[in-house]
Number of protein chains: 2
Amino acid sequence: MNIGEVAKATGLPAKTIRYYEDIKLVRPARAGNGYRDYARDDVHRLAFIQRARGLGFTINECRQLLSLYDDESRSSADVKALAVEKLSEIDRKLDELNSLRATLKSLADHCHGDDRPECPIIEEFARGPAS
Amino acid sequence: MNIGEVAKATGLPAKTIRYYEDIKLVRPARAGNGYRDYARDDVHRLAFIQRARGLGFTINECRQLLSLYDDESRSSADVKALAVEKLSEIDRKLDELNSLRATLKSLADHCHGDDRPECPIIEEFARGPAS
DNA sequence: ATTTGACCTTCCTGTGACTGGAAGCCCGAT
DNA sequence: ATCGGGCTTCCAGTCACAGGAAGGTCAAAT
């Protein structure tokens, strides 16, 4: 399978697939003409990575996940631990984003949004946090 | 004011403050000994940037905000537009994170998390999205 | 007067996860 | 034969810094 087909099959850009080879997440064979030649296993691996990345795992976490995946004697506890950690990370981000949203919303709500130069948003930035 | 004091006053690392000078967000004077010498105005600018960054504005958006801030004849509508755009961006991120959280949570909940090698998380990754 | 130690300077490199582009093979069809 | 598309490598850029080396400066303690 050529890289273009793999790109279509996985939804990953070819550039990204080459990058994943660069950092040794995948090791495709080479055809006689120098083209990368992906086996079914490579494609699975790439699809695996794509889904894990989409769930917010970093490349290094994907690497861990893959080694766990490769390891027949892994325990599901290892994998779960990673997922649980990711979950609390996501919760932290959610909190941050929510409070950020609230601040920004109240700022925007109090801004009349016309041609006058007075603007509570700018003033807030200039003045400092809720004093 | 030396960079260290500014760092303390604004909460920004000195490295970051120098970086902001590099990309021309601030232009502090220099003392005779070559040290950066920050005026009150520079410190305000930096604090401004810090708060805007903390609210999720990118450096370039900060630049826009600053030019708006510098511009006596700005309209508050310009600033509000930026804030409103940021808001919907945040909402998009919140949605993404929430659905990501849900997926990961259900995966983790279905994982018994013991020593057995079977693991629904790994299987999900290997199999592909909800089939 | 010297020596510490903290602070400051510049410059270079690295991060994460790609993305874009240039220069140049390769392959199938016309 | 040549054309378009796909493939290759390599280099550079992105964003917003962070880390560290090599060296100048300053205030205080010895």
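The sequence lines fix the lettering, A, B, ..., with proteins before strands; numbering per chain opens at 1.
- Atom OH of B:Y19 and atom P of D:dA18 are 10 Å apart (whole Å).
- When the P atom of D:dC17 is taken as reference, atom CD1 of B:I17 falls 11 Å away, rounded to whole Å.
- At whole-Å resolution of the value, CD in A:E21 and C1' in D:dC7 are 13 Å apart.
- Against DNA chain D, the stretch residues 31-40 of chain B makes heavy-atom approaches under 4.0 Å through B:N33, B:Y35.
- Tracing side-chain contacts under 4.5 Å through hydrophobic residues (I, L, V, M, F, W, Y), one reaches A:L55 starting from B:L94; they form part of the same cluster.
- In terms of the side chain to side chain contact (heavy atoms under 4.5 Å, CB included) criterion, residue partners of B:R30 (sequence neighbours excluded) are, by chain and number, B:E21, B:R36.
- In terms of heavy-atom proximity, B:L68 sits nearest to B:D78 at CD2-CB, 4.1 Å.
- Neither OP1 nor OP2 of D:dA16 sits under 4.0 Å from any side-chain N or O of B:R63.
- Using a 4.0 Å heavy-atom distance criterion, B:I23 is classed as making no nucleic acid contact.
- One N or O on the side chain of B:Q50 and one on the backbone of B:T10 form a donor-acceptor pair closer than 3.5 Å.
- In this structure B:D95 satisfies the side-chain hydrogen bond (donor to acceptor under 3.5 Å, both in side chains) test with no other residue, sequence neighbours excluded.
- When the salt bridge (charged side-chain N to carboxylate O under 4.0 Å, His left out) test is applied to A:E85, no partner is found at least two apart in sequence or on another chain.
- Under a 4.0 Å N-O distance rule, the pair B:R18/B:D22 does not qualify as a salt bridge.
- When rounded to the nearest whole Å, the span between CE of B:M1 and P of D:dC26 equals 19 Å.
- Applying a 4.0 Å cut-off to non-hydrogen atoms, the residues of residues 5-13 of chain B that approach DNA chain D are B:P13, listed by residue number.
- Around atom CG of B:D41, no more than 12 heavy atoms belonging to other residues, nucleotides or ligands sit under 6.0 Å away.
- Annotation: the span from A:L87 atom CG to A:L82 atom CG amounts to 11.0 Å, rounded to 0.5 Å.
- Between A:R53 and A:I59 the shortest side-chain heavy-atom distance falls below 4.5 Å.
- Within the 4.0 angstrom heavy-atom criterion, only backbone atoms of the sugar-phosphate kind lie near A:R53; the bases stay farther away.
- Helix bend of the helix from C:dA1-D:dT30 to C:dT30-D:dA1: the angle between its two end axes, each built from five pairs, comes to 30° after rounding to 10°.
- Rounded to whole Å, the distance from CG on B:N60 to C1' on D:dC15 is 10 Å.
- Side-chain contact check for A:F48 versus A:L66: some heavy-atom pair is nearer than 4.5 Å.
- Counting 5' to 3', DNA chain C first comes under 4.0 angstrom of a heavy atom of chain A and last does so at the ends given by C:dA17 to C:dC27.
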Exercise for review: Before giving the answer on side-chain contact (heavy atoms from CB on, under 4.5 Å), spell out for B:F57 and A:L104 the whole-Å C-alpha distance, their side-chain angles and the decisive distance to 0.1 Å.
Suggested key: CA-CA 11 Å; B:F57 290 86; A:L104 214 51; 3.8 Å; yes
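- Under the side chain to side chain contact (heavy atoms under 4.5 Å, CB included) criterion, B:A39 pairs with B:D42, not counting sequence neighbours.
- Judged as a salt bridge (charged side-chain N to carboxylate O under 4.0 Å, His left out), and not counting sequence neighbours, the contacts of B:D70 are B:R45.
- In this structure, CD1 of B:I59 is placed 11 Å from P of D:dA18, rounded to the nearest angstrom.
- Checked against side chain to side chain contact (heavy atoms under 4.5 Å, CB included), A:E5 has the following partners two or more places apart in sequence or in another chain: A:M1, A:N2.
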Could you write out each protein N or O paired with an N or O of nucleotides 19-22 of chain D at a distance under 3.5 Å?
{"unit_1": "D:dG19", "atom_1": "N7", "unit_2": "B:K15", "atom_2": "NZ", "d": "2.8"}
{"unit_1": "D:dG19", "atom_1": "O6", "unit_2": "B:K15", "atom_2": "NZ", "d": "2.8"}
{"unit_1": "D:dG20", "atom_1": "O6", "unit_2": "B:K15", "atom_2": "NZ", "d": "2.3"}

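- For the side chain to side chain contact (heavy atoms under 4.5 Å, CB included) test, residues two or more places apart in sequence or in another chain that qualify with B:K93 are A:L97.
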